[in-house]
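Below: one structure, written as structure tokens.
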Amino acid sequence: MNEILIKTCHGEKRCSLHESVENVLGLKKDCRYEDNPVVGVLLNGVLSPLGTRIEGDSEIEEVHLFSTLGKRIYRKTLTLVLMYTSFLVYPERTLVIGHSLGDGYYFHYKDDLDTDIELMKKKMKAIISSGAPIEEVVLRHEDAISWARQQKLYETERLLSSENESGYKFLCIGPYYQLYTEPVLPDVHLLSLWELRKYKGGLLLRYPQTRSIDRIREFVDNPLLFSVFEESRKNARTIGLKNLGELNHRQSSNRMEETILLLEAQQRRKIISISEDIASKKDVKVVFIAGPSSSGKTTFSLKLSDELKVMGKKPIKISLDDYYKPRSEAPRDENGDFDFEILEALNLELFRSQLKDLLEGKGVFLPTFSFKEQKRTFSKDSYVMEKDSILIIEGIHGLNPDLVPEIDKKTIYRIYISALTQLNLDTCSRISTTDNRMLRRLVRDYRTRGLDAVETFNRWPSVERGEKNHIFPYQNNADVMVNSALDYELGVLAPKAIPLLKSVDKNEKEAYAIARRLLFFLSFVYPIDSSLVPSDSLLREFIGGSIYGAI
């Protein structure tokens, strides 16, 4: 059968077997960034590049540049071009992709030598102006290993050695090869908006954000967040765990138990350090803990409370979630939907009144709010602050100065916590912090709320909007930032997440595309037995079995 049926938003058509998506859609070659062109497709639900050959009757949904998936394709292509630029300008050096930082990705050279940023920018502009094509090629296992070793990409070599497949898909631009992890543009001519600058001994590659898709915003530094990533990178060097290939190797060589204990010990030392800092500040009476979804705020607050108890403090744990207004009183957004992400969704009058009474030494009956019943109850016994008492308050608005505008700042200690993944797939491909948090939430939602992957993914855009508007703008108000990510956790989450991801039907559109992308990524991850996870681990908040009970 040499003719196949294609369904698109424009109707049905027949075309030849093995025809490319780009040709089937009849896309123009001379489109510009500002035209919001098609940059990929959902081919039978799977995010695919425009050069994909169609192997049978199919449904095609166009992915435009300014969409969530389109922006991901754009950013991945940008990083590929920067890596190619480095390959040409500094062939003897190894550029390593790092973490995201605001509206950009941080890169550093292994040798830490100075970089001619102007030469890099000039070369990168020339590559983009040339419209260089990007192809997909398959390298045999032996050839892929040989190429990685020749280019001194030992992280890629380690990763592929742990997979032992017969061949691997690579992206090819000019003489440069990079392991394929997700779709990119068919060529580079659309990459008109970007900025490359020196930053903290490395490079920062910036890209447009949703709120300013037509320009690069003015640079806003985030030194506190950067310092947390650097601390995590230093800790990884101490243990010798910087990439997924190394994690897989430790699992296969029966060294995972030791690795888990070391990583847990590092996180415990951080919590002890913070508790010592709090205890040393005699004026501090209130500790606020805030962070995005699936950061582990609840377990962290409990572990911090334990350490403060050891130091003679008497912590009183309070959750801002217990001050939410019931649905009947909650504010609505511009679409008329209930908006539980904004500060006004809390009963601020009750919270501020109780906080004031506690700080004045008065007894307070603390609330518990049931989201299921939309009902608030109060403790049978009152809580009173004593000489060594300290309030531990966790919730998404903990760093917002408008939460407690009238309290003396000297009495407040603010902590920002997030799962900031420092582990890379290899030298060229990062593991997204967002993906890590999404996998945490996926596993927890199914375990504690009975939600399937589709429900979790469909709620995620709302979660991200809330974080961007009500958490991230205040993160630099923190006295300290904490990275809750544990470099071994993907191996524990993978076997629990994979069945949930496989259950997503292709008719679920974007949820299916997310599920397939995560499944491809997790195919590189060796599973780790969850019984090795300590009962007091922050990871237990998501997989269950925590010593702190049902959290």
Side-chain angles (χ1 to χ4, degrees), residues 20 22 39-40 47-53 72-98 105 107-111 115 120 123-191 194 196 203 205 242-246 248 423-432 517 520-521 523-524:
S20 74
E22 194 170 28
V39 294
L47 183 62
S48 305
L50 295 178
T52 304
R53 301 287 173 176
R72 190 177 184 101
I73 290 173
Y74 185 88
R75 294 194 298 265
K76 179 62 180 178
T77 311
L78 260 184
T79 63
L80 172 66
V81 173
L82 178 58
M83 287 290 188
Y84 176 41
T85 300
S86 176
F87 174 82
L88 296 176
V89 175
Y90 295 113
E92 300 302 318
R93 302 175 69 185
T94 302
L95 184 63
V96 181
I97 190 170
Y105 296 133
F107 295 75
H108 72 279
Y109 279 100
K110 282 187 175 181
D111 57 20
T115 302
M120 290 281 287
K123 189 63 178 178
M124 193 167 172
K125 287 177 182 177
I127 293 169
I128 293 170
S129 296
S130 74
I134 303 171
E135 299 177 351
E136 294 179 15
V137 298
V138 175
L139 297 182
R140 294 185 312 126
H141 178 84
E142 295 80 5
D143 294 335
I145 293 291
S146 176
W147 180 84
R149 189 176 296 136
Q150 179 185 348
Q151 298 301 319
K152 300 180 181 179
L153 299 177
Y154 303 121
E155 292 84 353
T156 304
E157 180 186 357
R158 172 71 88 175
L159 179 65
L160 298 183
S161 295
S162 72
E163 295 302 303
N164 286 317
E165 299 290 343
S166 60
Y168 307 93
K169 188 188 293 186
F170 277 75
L171 297 170
C172 175
I173 177 170
Y176 175 73
Y177 290 81
Q178 184 180 114
L179 183 67
Y180 179 97
T181 56
E182 56 185 291
V184 295
L185 297 168
D187 61 58
V188 301
H189 84 275
L190 283 176
L191 303 178
W194 54 276
L196 186 66
L203 306 174
L205 177 63
K242 295 176 289 186
N243 56 77
L244 186 59
E246 176 58 35
N248 287 345
L423 203 67
N424 276 359
L425 269 176
D426 65 358
T427 309
C428 311
S429 301
R430 56 188 288 273
I431 295 175
S432 165
R517 176 174 60 78
F520 178 77
F521 155 55
S523 69
F524 290 102

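Since the model is a prediction, treat every value here as computed from it, not as a measurement.
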Review point. Are any of the side-chain heavy atoms of Tyr168 and Val138 separated by less than 4.5 Å?
Key: no
Practice prompt. For the residue pair Thr181 and Lys76, confirm or rule out a side-chain donor-acceptor distance under 3.5 Å.
Written response: yes
Original post:
Given Leu88 and Ile127, is the side-chain contact (heavy atoms from CB on, under 4.5 Å) satisfied, shown in steps?
Top reply: CA-CA 10 Å; Leu88 296 176; Ile127 293 169; 4.0 Å; yes
Walk me through whether His189 and Ile128 qualify under side-chain contact (heavy atoms from CB on, under 4.5 Å).
CA-CA 5 Å; His189 84 275; Ile128 293 170; 5.8 Å; no
Taking the side chain as every heavy atom from C-beta outward, state whether Ile73 and Leu47 have any atom pair closer than 4.5 Å. yes
Answer yes or no: is there a side-chain heavy-atom contact under 4.5 Å between Val96 and Tyr109? no
* To do: Please determine if Glu182 and Arg72 form a salt bridge, counting it only when a charged side-chain N lies under 4.0 Å from a carboxylate O.
  => yes
### Task
For Thr77 and Leu185, indicate whether the former's side chain and the latter's backbone hold a donor-acceptor pair under 3.5 Å.
yes
Exercise for the section: Go through the steps to decide whether Tyr90 and Thr115 satisfy the test side-chain hydrogen bond (donor to acceptor under 3.5 Å, both in side chains), and finish with yes or no. Expected result: CA-CA 9 Å; Tyr90 295 113; Thr115 302; 5.2 Å; no
message = Do Leu153 and Leu179 have side chains that approach each other closer than 4.5 Å (heavy atoms only, starting at C-beta)?
response = no
Check whether Asn424 reaches the backbone of Gly98 with its side chain - one donor and one acceptor, N or O, closer than 3.5 Å.
no
Here the pair of heavy atoms bringing Phe170 nearest to Leu160 is CZ-CD1, 4.1 Å
- Message: Quick check against the 3.5 Å criterion: does Ser129 have a side-chain atom that pairs as donor or acceptor with the backbone of Ala126?
- Response: no
Next on the checklist: For Glu155, is there an ion pair with Lys110 - N to carboxylate O distance below 4.0 angstrom?
Outcome noted: yes
Determine, stepwise, if the pair Leu171 / Glu136 fulfils side-chain contact (heavy atoms from CB on, under 4.5 Å). CA-CA 5 Å; Leu171 297 170; Glu136 294 179 15; 4.0 Å; yes
Of all heavy-atom pairs linking Asn243 and Leu425, the shortest is CB-O, 4.2 Å
Quick check: do Leu205 and Phe107 have side-chain heavy atoms less than 4.5 Å from each other?
yes
Here the pair of heavy atoms bringing Ser161 nearest to Ile145 is OG-CD1, 3.5 Å
In terms of heavy-atom contacts, Asn248 and Glu163 come closest through ND2-OE2, 3.8 Å
Notebook entry, point to check: Is there side-chain contact between Val184 and Tyr74, with heavy atoms separated by less than 4.5 Å?
Noted result: no
Residues at least two apart in sequence or cross-chain that pass side chain to side chain donor-acceptor pair (under 3.5 Å) with Thr94, listed by chain then number, are none
(message) If you define the side chain from C-beta out and look only at heavy atoms, does anything of Asp426 sit under 4.5 Å from Leu244?
(response) no
In this structure, CG of Asp111 is separated from CD of Glu92 (nearest 0.5 Å) by 10.5 Å
Checklist line | Parallel, tilted or perpendicular: rings of Tyr176 and Phe87 (30°, 60°) | finding: tilted
Hits for salt bridge (charged side-chain N to carboxylate O under 4.0 Å, His left out) against Arg149, two or more places apart or cross-chain, chain-then-number order -> Glu157
Looking only at heavy atoms, the pair that brings Met83 and Leu95 closest together is CE-O, 3.5 Å
Going through the distances and angles, do Val137 and Tyr180 end up as a side-chain contact (heavy atoms from CB on, under 4.5 Å)? CA-CA 9 Å; Val137 298; Tyr180 179 97; over 6 Å; no
Rounding to 0.5 Å, atoms SG (Cys172) and CG (Leu80) come to a distance of 9.5 Å
query = If only atom types and distance count, is the side chain of His141 paired as donor or acceptor with the main-chain N or O of Glu165 below 3.5 Å?
reply = yes
ask   = Any side-chain heavy atom of Ser86 within less than 4.5 Å of one from Arg93?
value = no
(Q) Counting neighbours of OH on Tyr84 that are heavy atoms of other residues, nucleotides or ligands and sit closer than 6.0 Å, is the number greater than 12? (A) yes
Taking the basic N atoms (NZ, or NE/NH1/NH2) and the acidic carboxylate oxygens, is any pair closer than 4.0 Å for Arg158 and Glu246?
yes
